[in-house]
Number of protein chains: 2
Amino acid sequence: MRHRLKDVAERAGVSVKTVSNVVNGYVHVRPDTRARVEEAIAELNYRPNLSARNLRKGRTGVIALAVPELDIPYFAELARHVVTAAAELGWTVLIDQTGGGREQERVVASGITDHLIDGLIFSPLALAAEDLAGLDGTPMVLLGERVDHGPADHVVIDNVAAAREMTAHLIGLGRRRIAAIGSQRTPEGASARLRLAGYTAALADAGIDYDERLVAPAPAWHRADGAAAMRGLLASGVRPDAVFCFNDTLALGALRALHEAGLRVPEDVAVAGFDDIEDGRFSIPTLSTIAPDKERIARLAVELLANRLDADPTAPPQELSAPYHLTPRESTSAP
Amino acid sequence: MRHRLKDVAERAGVSVKTVSNVVNGYVHVRPDTRARVEEAIAELNYRPNLSARNLRKGRTGVIALAVPELDIPYFAELARHVVTAAAELGWTVLIDQTGGGREQERVVASGITDHLIDGLIFSPLALAAEDLAGLDGTPMVLLGERVDHGPADHVVIDNVAAAREMTAHLIGLGRRRIAAIGSQRTPEGASARLRLAGYTAALADAGIDYDERLVAPAPAWHRADGAAAMRGLLASGVRPDAVFCFNDTLALGALRALHEAGLRVPEDVAVAGFDDIEDGRFSIPTLSTIAPDKERIARLAVELLANRLDADPTAPPQELSAPYHLTPRESTSAP
DNA sequence: AACGTTGCTTACAACGTTGTAGAAACCAGG
DNA sequence: CCTGGTTTCTACAACGTTGTAAGCAACGTT
């Protein structure tokens with residue numbers, strides 16, 4: 001049923017290698033030979049066996065993208081861009097879902113690199129630098145937070161600056177009791193730490209005292225966590241007039257909790273998020289956010305990988321920064 | 001840098017095949033030999049070359065999941081479940097994004113099956129039965145709409161019954177002018193046709209006349225399309241007291257448009273969706289929806305694939321049905 | 001006529017793995 | 001110590017592809 005080069009060769013009356021040459025677009029093939037071969041290929045509906053080709057070439061044409069969870073919209077949107085950018089280079093993307101635990105991420109980082117993929121784009125939550133030490137072979141690009149001076153390329157955005165800018169935006173609306181949702185004390189919370197740092201820096205810039213009671217932790221960054229954190233803040237009796245959520249799903253949860261509490265957004269409480277996911281453009285109210293250039297992030301990651309594959313694989317790791325911009329919407333509009 | 005069976009064999013002082021036997025858990029290996037080999041494997045950090053193994057075995061351990069768009073939450077959630085179900089069988093999932101066009105889907109259906117994957121789970125939008133004819137080899141499971149009596153297994157939910165049930169639910173609230181958003185006349189719109197059929201059936205059941213002006217098409221099923229369709233309905237002067245959207249993202253867009261028009265949900269207009277995506281549990285108001293059992297769908301699909309791979313590959317195609325249930329939330333609560 | 005040059009094609013080996021078949025070592029029972 | 005059976009191990013070939021090197025025409029140049 002499934003044909004091989006040999007079958008095509010017999011049918012066209014040429015050698016196996018000539019068929020291979022036609023398939024690979026080698027120039028020195030007589031037009032009539034090429035035509036005969038192509039005809040045979042079409043008749044047999046021949047398709048190359050990629051495993052064999054990979055074995056021979058040492059390349060698979062497949063890269064992996066590992067993200068914590070696909071149904072977090074940010075990662076899904078990112079995945080789309082990575083798939084698109086990779087397709088332009090003729091690569092297929094194998095998407096892996098780590099679940100975000102450190103152990104699972106370690107498995108992905110070390111395990112999946114089994115010759116099946118040429119490279120890995122990895123958006124880790126929990127992974128530490130030492131987990132990456134001694135990984136042989138497969139080139140890797142890290143997305144998001146720096147795994148401090150790890151041995152791999154990475155693409156980041158300036159979380160501190162972005163968080164600071166968003167907090168300053170809230171202050172600019174005249175808000176003074178600005179809560180933050182999403183802090184994390186675990187080692188996994190690298191993004192949380194940086195965004196918190198931006199938040200406190202902006203408060204300091206404006207001469208506003210940091211109030212610990214206004215900072216709510218969130219174990220994960222799902223809608224439910226945002227809603228729970230917001231309810232917690234309201235129940236504790238602090239009365240924020242603005243909330244900076246460390247990502248958009250948290251913010252959507254917070255919007256929901258505020259709605260349930262009968263508070264108006266932005267009149268009573270302004271709400272800001274981070275990530276610019278599609279939902280935020282249609283939520284009620286629409287959500288102000290930090291919009292990282294996801295397409296750029298994806299493209300840079302793919303290019304870094306391509307570089308490491310084609311050029312010097314031993315070059316020192318690079319860190320590239322992707323742009324973002326603050327996108328104000330209804331949830332922080334002036335009343 | 002990267003080691004082969006041969007390297008391990010030399011280090012352990014045994015033949016290549018013995019190492020292979022150890023790696024594959026073959027029983028008749030003396031404990032001390034096994035120990036020596038395992039030690040060598042550990043020292044060299046040996047990992048099998050999957051391309052070579054695949055070439056030899058004719059299996060890759062990879063299945064593909066092809067969906068139109070990853071950043072449509074329904075597909076992202078589905079993808080998560082498929083990845084989880086496949087992992088239990090030791091399979092890796094390669095996720096492919098077709099974009100939903102017929103030509104692209106045809107390429108995926110015929111092209112990706114290039115020996116790189118053992119099977120394909122495919123959620124097509126546009127694909128027609130004739131595109132699947134004459135696909136050799138790779139087993140495929142279709143999700144969602146039946147490609148009429150195509151040559152492949154598929155997992156469906158009863159769209160007509162579900163849509164009918166939801167429409168009846170709206171009628172049960174006392175609504176009589178019930179709009180539908182999401183109809184499509186293109187051949188791609190198989191889901192749209194079935195859900196529309198359920199809608200009209202429910203109207204007929206209740207003795208309500210079908211009013212064409214209440215049915216709004218949507219080229220795609222994104223939030224923006226839902227919002228646009230809703231605005232269109234309102235602008236046209238029809239005054240629906242309920243809207244059944246053919247999926248949740250359309251419904252979220254419709255909620256937004258209603259909000260902008262100053263209409264209250266559910267007091268003025270009840271809104272219902274389909275798919276039960278996470279957003280709908282936190283939107284304002286929360287969204288009534290049809291909740292298909294996504295986990296079940298994923299599991300059935302993976303099992304069908306496993307069956308076809310391990311058991312009789314020539315068995316006649318099966319069609320399995322997954323359950324769903326109507327989940328009422330705020331957007332259709334009694335005023 | 002002998003010579004390189006170029007264009008086209010081919011035989012062979014190799015990529016790293018595992019199935020097959022069989023050799024070697026071991027064991028138990030006579 | 002031999003016999004027959006089991007356990008343990010190995011040599012070889014094969015999976016389908018492509019790189020290498022080399023062969024064979026056909027050509028134009030000396």
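Numbered from 1 within each chain, the chains take letters A, B, ... in sequence-line order.
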Trainee: If the test is side-chain contact (heavy atoms from CB on, under 4.5 Å), which one of A/Val93, A/Ile117, A/Leu94 qualifies with A/Ile63?
Mentor: A/Val93
Trainee: Rounded to whole angstroms, how far apart are CZ on B/Arg4 and P on C/dT17?
Mentor: 8 Å
Trainee: Can any side-chain N or O of B/Asp118 pair as donor or acceptor with the backbone N or O of B/Gly61 at less than 3.5 Å?
Mentor: yes
Trainee: Between A/Arg59 (CZ) and D/dG19 (P), how many Å, whole number?
Mentor: 12 Å
Trainee: Between A/Lys294 (side chain only) and A/Tyr74 (backbone N and O only), is there a donor and an acceptor less than 3.5 Å apart?
Mentor: no
Trainee: Could you tell me whether the side chain of A/Arg11 and the main chain of A/Glu43 form a donor-acceptor pair under 3.5 Å?
Mentor: no
Trainee: What is the distance from CG of A/Asn21 to C1' of D/dG19, rounded to the nearest Å?
Mentor: 10 Å
Trainee: Atom CD of A/Glu10 to atom P of C/dT10: distance rounded to whole Å?
Mentor: 13 Å
Trainee: Is A/Arg80 reaching over with its side chain to a backbone N or O of B/Leu70, donor-acceptor style, under 3.5 angstrom?
Mentor: no
Trainee: What is the distance, rounded to the nearest whole Å, between atom CZ of A/Arg47 and atom P of D/dG16?
Mentor: 17 Å
Trainee: Between B/Arg36 and B/Val14, is there a donor-acceptor pair closer than 3.5 Å when you use the side chain of the first and the backbone of the second?
Mentor: no
Trainee: Are the side chain of B/Glu77 and the backbone N or O of B/Glu278 linked by a donor-acceptor pair below 3.5 Å?
Mentor: yes
Trainee: Between P on C/dT10 and NZ on A/Lys6, what's the gap in Å once rounded to a whole number?
Mentor: 15 Å
Trainee: In whole Å, what is the span from the NZ atom of A/Lys57 to the P atom of C/dG16?
Mentor: 16 Å
Trainee: Could you give the CG-to-P distance, from A/Leu55 to C/dT17, as a whole number of Å?
Mentor: 9 Å
Trainee: Are any of A/Ser20's side-chain N or O atoms less than 4.0 Å away from OP1 or OP2 of D/dT17?
Mentor: no
Trainee: Go nucleotide by nucleotide along DNA chain D from the 5' end; which of B/Ala52 and B/Ser15 gets its closest nucleotide reached first?
Mentor: B/Ser15
Trainee: Distance check: side-chain N/O of B/Thr18 vs OP1/OP2 of D/dT10, anything under 4.0 Å?
Mentor: yes
Trainee: Encode nucleotides 21-28 of chain D as B, S and - characters from 5' to 3', where the letter depends on protein heavy atoms closer than 4.0 Å: B to the base, S only to sugar-phosphate, - to neither.
Mentor: --------
Trainee: Please name the pair of heavy atoms, one in A/Ile121 and one in A/Ala301, separated by the smallest distance, quoted to 0.1 Å.
Mentor: CD1-CB, 3.9 Å
Trainee: Check whether B/His154 reaches the backbone of B/Ala152 with its side chain - one donor and one acceptor, N or O, closer than 3.5 Å.
Mentor: yes
Trainee: Mind listing the residues from residues 22-33 of chain A sitting with a heavy atom below 4.0 Å of DNA chain D? Number order is fine.
Mentor: A/Asn24
Trainee: If D/dT30 has a Watson-Crick or G-U wobble mate with both distances under 3.5 Å, name it; if not, just say none.
Mentor: C/dA1
Trainee: Below 3.5 Å, does any donor atom in the side chain of B/Arg56 face an acceptor in the base of C/dT18, or the other way round?
Mentor: yes
